[in-house]
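Below is one structure; the comments refer to it alone.
Please read all numbers here as calculations on a predicted model, not as lab measurements. What's counted below: heavy atoms across the whole structure, side chains too, no hydrogens, waters or symmetry copies. FYI, the numbering just counts along the sequence from 1.
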Amino acid sequence: MRENDPVTSATRQPETPAAALPPRLIATDLDGTLLRDDKSVSERTVAALAAAEEAGIEVFFVTGRPARWMDVVSDHVHGHGLAICGNGAAVVDLHGGPGAHRFVKVRELARENALDAVRLLREAAPGTVFAVEQTYGFYQEPAYPKLHMEIPDNLAPAEQLLAPDAPGAGEPVLKILAFHHELDPDAFLTVARRAVGDRATLTRSSPSALLEISGPGVSKASTLELCCAERGISPEEVVAFGDMPNDVEMLTWAGTSYAMGNAHPSVIAAASGRTVANNEDGVAVVIEKILAERL
């Protein structure tokens with residue numbers, strides 16, 4: 001999930017690494033990667049995704065978005081219809097359409113770990129405010145900004161939202177969100193990771209100081225690895241695309257990976273190749289090249 005602003009200048013020609021094995025799966029981030037800045041999927045990209053699936057290459061959407069925000073690509077899920085949401089916290093079957101998705105796999109953030117993270121971040125970065133993302137509910141503190149254009153199910157301090165008797169207490173917590181009004185985004189992430197340690201996984205996908213906090217070991221990469229293992233797909237058979245720090249582990253894990261032309265510097269460093277920006281259909285450019293080479 002990301003408020004999409006360009007971070008670096010776009011490259012005009014993709015830098016294409018040589019794939020070790022013919023690809024069997026394409027894993028792509030959405031915001032700032034597959035989606036254009038207006039959150040649309042271009043006709044060229046739609047055609048490329050369909051052509052990949054027709055050629056027998058599975059396409060997985062791997063995003064920080066919650067399942068309820070997946071309507072933007074629900075018409076393009078093709079065969080298996082699965083997406084990895086919440087930075088790896090959930091595998092979701094999108095076939096039912098908006099509001100009717102089914103959770104296939106949930107990797108929750110234990111409430112005690114979430115409460116530890118809240119406490120440690122309040123100490124390390126005073127002024128941090130929080131929201132709680134669950135499988136179907138969204139809850140936030142009163143001071144948490146309206147970043148997501150939705151009405152929260154409840155307003156209360158994070159400690160109350162995560163309490164055993166809180167609304168939705170029987171529902172898994174996928175991640176908590178931490179926002180700071182003043183800190184630099186990368187500096188906030190560094191401070192937070194140092195403070196929270198191995199109690200949770202911290203990353204970010206927004207240009208603002210908004211952190212996404214998941215269970216220990218939960219990331220786009222680790223959940224994608226589980227999904228690929230179930231299909232007998234090796235990392236060398238995966239091509240991945242991303243633009244922000246929450247994509248770094250996935251791009252490092254995949255045998256072939258591309259940073260978008262608008263990517264964060266850490267993503268450019270992690271990826272094995274680079275394509276053009278999201279507004280120039282950088283994912284489609286690479287898929288078309290992959291398919292052309294198979295002829």
Side-chain angles (χ1 to χ4, degrees), residues 1-3 31 39 63-72 74 83-92 94 96-183 185 188-189 192 195-196 199-206 208-216 218 246:
M1 43 190 300
R2 163 178 206 273
E3 301 133 8
D31 297 278
K39 307 305 179 186
T63 178
R65 285 180 174 231
R68 66 182 179 279
W69 289 8
M70 294 299 288
D71 57 308
V72 68
S74 60
I84 296 172
C85 298
N87 290 328
V91 181
V92 182
L94 302 176
H101 50 263
R102 179 175 65 89
F103 285 90
V104 176
K105 187 190 302 291
V106 173
R107 306 180 68 196
E108 66 182 289
L109 170 63
R111 287 174 183 260
E112 55 267 32
N113 291 61
L115 285 166
D116 280 346
V118 168
R119 173 179 57 82
L120 292 166
L121 276 175
R122 291 204 196 278
E123 294 171 358
T128 301
V129 291
F130 297 92
V132 179
E133 184 76 64
Q134 297 184 213
T135 44
Y136 292 102
F138 178 76
Y139 310 87
Q140 70 176 63
E141 295 188 321
Y144 186 87
K146 292 183 178 180
L147 297 174
H148 314 299
M149 303 303 292
E150 60 184 323
I151 299 173
D153 296 295
N154 194 28
L155 292 172
E159 291 82 357
Q160 293 181 23
L161 297 174
L162 294 165
D165 59 349
E171 188 182 332
V173 174
L174 298 184
K175 63 181 178 180
I176 58 174
L177 304 167
F179 181 84
H180 203 286
H181 289 276
E182 298 176 359
L183 291 177
F188 187 28
L189 179 58
V196 175
R199 295 172 179 84
T201 300
L202 290 87
T203 190
R204 74 178 192 86
S205 60
S206 168
S208 63
L210 175 65
L211 307 185
E212 301 164 59
I213 304 172
S214 306
V218 175
N246 64 329

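Sequence neighbours left out, the pairs with a member in residues 155-170 that pass side chain to side chain donor-acceptor pair (under 3.5 Å) are Arg122-Glu159. Applying the salt bridge (charged side-chain N to carboxylate O under 4.0 Å, His left out) test to residues at least two apart or on different chains, the pairs with a partner in residues 101-110 are Asp93-Arg102, Lys105-Glu230.
Of the inter-residue distances, the one linking His180 atom NE2 with Leu210 atom CG reads 12.5 Å to the nearest 0.5 angstrom. The structure places OG1 of Thr128 at 5.5 Å from CG of Leu121, a figure rounded to the nearest 0.5 Å. To the nearest 0.5 angstrom, Gln134 atom CD is 12.5 Å from Tyr136 atom OH. Once rounded to the nearest 0.5 Å, the distance linking CG of Leu115 with CG of Leu120 reads 10.5 Å. Rounded to the nearest 0.5 angstrom, Leu202 CG and Leu211 CG are separated by 6.0 Å. Atom CZ in Arg119 sits 5.0 Å away from atom CG in Asp116 (nearest 0.5 Å).
Here Glu112 pairs with Ala110 under the side chain to side chain contact (heavy atoms under 4.5 Å, CB included) rule; sequence neighbours left out. Evaluation of the side chain to side chain contact (heavy atoms under 4.5 Å, CB included) rule for Ala143 yields Val129 as partners, not counting sequence neighbours. Residues satisfying the side chain to side chain contact (heavy atoms under 4.5 Å, CB included) test with Asn154, not counting sequence neighbours, are Tyr139, Ala156, Leu161, Pro167. Residues meeting the side chain to side chain contact (heavy atoms under 4.5 Å, CB included) test with Ala117, sequence neighbours left out: Ile176, Val196, Ile213.
Between Thr203 and Asn246, the shortest heavy-atom distance links the atoms OG1-CA, 3.0 Å. Shown here for Ser208 and Arg204, the closest heavy-atom pair between the two residues is O-NH1, 4.1 Å. The heavy-atom pair separating Ala67 from Cys85 by the smallest distance is CA-SG, 4.1 Å. Here the closest non-hydrogen pair linking Arg65 and Met70 is CB-SD, 4.2 Å. Heavy atoms only, all atoms of each residue included: Ala163 and Ala169 are closest at O-CB, 4.2 Å. Closest non-hydrogen pair, Ala209 versus Pro185, comes out as N-CG, 3.8 Å.
Val218 has its side chain out of reach of Leu109: every pair of non-hydrogen atoms, C-beta onward, lies at least 4.5 Å apart. With contacts defined as side-chain heavy-atom distances shorter than 4.5 Å, the pair Leu174/Pro66 does not qualify. Between Leu177 and Tyr144, some side-chain heavy-atom pair lies under the 4.5 Å cut-off. Lys175 places a side-chain heavy atom less than 4.5 Å from the side chain of Ser214. Side-chain contact between Thr201 and Glu212 is absent, with no heavy atoms from C-beta onward closer than 4.5 Å.
In this structure, His181 has its ring center no closer than 6.0 Å to that of Phe188.
Remark: Glu182 CD is loosely packed, at most 12 non-hydrogen atoms of other residues, nucleotides or ligands lying under 6.0 Å away.
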